[in-house]
Amino acid sequence: MENRSEAEASPYKSLVAAVSYGIASMAMVFINKAILMQYGHSMTLLTLQQLATALLIHFGRQMGYTRSRGVDMQTAKKLLPVSLFFALASLKGVNIPMYIAIKRLTPLAVLIAGFSSGKGKPTTQVTLSVLLIAAGVIIAALGDFSFDLWGYGMALTSVFFQTMYLVLVERSGAEDGLSSIEIMFYNSFLSLPFLIFLIIATGEFPYSLALLFAKSNSLSFLVILVISLVMGIVLNFTMFLCTIVNSALTTTIVGVLKGVGSTTLGFVVLGGVEVHALNVTGLVINTTGGVWYSYAKYQQKMSKPPRHVSDVEAHHK
């Protein structure tokens, strides 16, 4: 069974997958802010999103809306590490500038991990553009001179988990011929035990559940909750699609550019935020690196001879 690898997908499909993930990711920022203002238990929300995803895909398959394959135990065992890293990467760190900055170094970590795992040496333009993005991240954070060992440790750990998670997703799509819907289904139900353990270990449960029932009488809260669950499913689907059609590296680049966009929007819309020259310089370098990376990948796609391949996503729908 063939799958669309990074080399096989057309430039148009690759662009649509990346833009879709970027839009969904940006939208989720604002939806999360809305829901977390009323319900501050993010791990419990993520658990509900994963449960809703698993049920939706399961019943969709039962009713014939999707042709994704049923559960295979061998595949489930292979994807278990993906779900573990997904759950661990979802742990929230401290909210300090350097934590956010280090998290945005994930593209560099993915680039190194891909090269180390034998994926092959990236092109010079791709390497330089990722290094430029990393430089922009560091410059933007230079204004924060506070040292927080715990914060740095949490950030580096989160980068590791996120890197392993995306690299494994990319490998599962390429080697196992799994569609984005199938990977999303396995990830959703396999991650549930880890997420339930984490909401108990972090102290969210059982208070988060009691608060959820208490707020269920509010129609406005239920509407926001449903929108959050739906957008969580959309975000996961577009992220898996972008990772399979493009690569883990492209997905992290889109994530960084989304962060730049949300930060810039925060400066403009929210106001009252002190803007330093280093912040602006870093954001400009970030954006330049992202545009350069996009151009380099477009050139790479266009330089490959066209070839006809089966569309796994279409086959499984």
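Owing to the predicted nature of the structure, the values given are computational and were not obtained by experimental measurement. In this chain, numbering begins with 1 at the start of the sequence shown.
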Hey, could you give me the CD1/CD1 distance between Ile138 and Ile133, rounded to the nearest 0.5 Å? 12.5 Å

Output for pair (Thr47 OG1, Leu51 CG), nearest 0.5 Å, gives 9.0 Å

Using the side-chain contact (heavy atoms from CB on, under 4.5 Å) rule, take Val230 and Val226 through it: C-alpha gap first, then chi angles, then the decisive distance, then the call. CA-CA 6 Å; Val230 171; Val226 170; 4.3 Å; yes

Applying side-chain contact (heavy atoms from CB on, under 4.5 Å) to Thr251 and Asn246, what does each step give before you reach the verdict? CA-CA 8 Å; Thr251 301; Asn246 293 293; 5.8 Å; no

Could you grab the distance from atom OG of Ser216 to atom CG of Leu225, nearest 0.5 Å is fine? 10.0 Å

Audit row: Ile233, Ile57, side-chain contact (heavy atoms from CB on, under 4.5 Å) steps and yes/no: CA-CA 10 Å; Ile233 295 172; Ile57 297 176; over 6 Å; no

Between Thr252 and Val130, is there a side-chain heavy-atom distance shorter than 4.5 Å? no

Begin with the C-alpha distance, continue with both residues' side-chain angles, and end with the deciding distance and a verdict on side chain to side chain donor-acceptor pair (under 3.5 Å) for Thr44 and Glu204. CA-CA 7 Å; Thr44 303; Glu204 280 197 16; 2.6 Å; yes

State, with a plain yes or no, whether a side-chain heavy atom of Gln50 is found less than 4.5 Å away from one of Asn187. yes

Less than 4.5 Å apart, any side-chain heavy atom of Ile199 and any of Leu195? no

Is Leu45 reachable from Leu211 through a run of hydrophobic residues whose side-chain heavy atoms are each under 4.5 Å from the next? yes

Any side-chain heavy atom of Thr53 sitting closer than 4.5 Å to one from Met184? yes

Looking at every heavy atom in both Thr250 and Cys242, which two are closest together, and how far apart are they? CG2-SG, 4.2 Å

Flag side-chain contact, heavy atom, 4.5 Å: Lys258 against Tyr21: no

Closest contact, heavy atoms only, Ser172 versus Val82: OG-CG2, 4.4 Å

Centroid separation under 6.0 Å, is that true for the rings of Tyr207 and His41? yes

Rounded to the nearest 0.5 Å, what separation is found between the CD1 atom of Ile181 and the CG atom of Asn236? 12.5 Å

Would the distance check show the side chain of Ser228 and the main-chain N or O of Ile224 forming a donor-acceptor pair, the cut-off being under 3.5 Å? no

What heavy-atom pair brings Ile31 and Ile227 nearest, and what distance separates the two atoms? CD1-CG2, 3.9 Å

Is there a continuous path of hydrophobic side-chain contacts, each under 4.5 Å between heavy atoms, that joins Leu219 to Phe213? yes

Using the rule given for side-chain contact (heavy atoms from CB on, under 4.5 Å), can you reason through Leu257 versus Asn286, listing the C-alpha separation, both sets of side-chain angles and the distance that settles it, and then say yes or no? CA-CA 7 Å; Leu257 292 179; Asn286 265 163; 5.5 Å; no

Heavy-atom closest contact (Ala248 atom, Glu170 atom, distance): N-OE1, 3.1 Å

Using side-chain heavy atoms (C-beta onward) and a distance below 4.5 Å, is Leu212 in contact with Phe221? yes

Answer yes if the side chains of Thr163 and Thr106 hold a donor-acceptor pair under 3.5 Å, and no otherwise. no

Decide whether Tyr186 and Glu182 meet the rule of one side-chain donor and one side-chain acceptor closer than 3.5 Å. no

Hydrophobic cluster membership, with links at side-chain heavy-atom distances under 4.5 Å among I/L/V/M/F/W/Y: are Tyr39 and Leu209 in one? yes

Decide yes or no for Phe160 and Phe85: does some side-chain heavy atom of the first lie under 4.5 Å from some side-chain heavy atom of the second? yes

I'd like to know if the side chain of Thr75 reaches the main chain of Val71, judged simply by a donor and an acceptor atom lying under 3.5 Å from each other, with no hydrogens or angles considered. no

Can you find a heavy atom in the side chain of Tyr293 that is under 4.5 Å from one in the side chain of Lys297? yes

Would you say Leu235 ends up clustered with Leu36 if hydrophobic residues are merged whenever their side chains have heavy atoms under 4.5 Å apart, either directly or through other cluster members? yes

Leu249 and Val126: which non-hydrogen atoms are nearest, and at how many Å? CD2-CG1, 3.8 Å

Taking the ring of Phe161 and the ring of Tyr165, is the distance between their centroids below 6.0 Å? no

What distance separates Met28 CE from Thr238 OG1, expressed to the nearest 0.5 Å? 10.5 Å

Taking all non-hydrogen atoms of both residues into account, name the closest pair between Pro81 and Leu168 and its distance. CB-CD1, 4.0 Å

Measuring from atom CG of Leu55 to atom CZ of Phe189, what distance do you get when rounded to the nearest 0.5 angstrom? 12.0 Å

Answer yes if Phe185 and Leu80 sit in the same cluster of Ile, Leu, Val, Met, Phe, Trp and Tyr residues linked by side chain heavy atoms under 4.5 Å apart, and no otherwise. yes

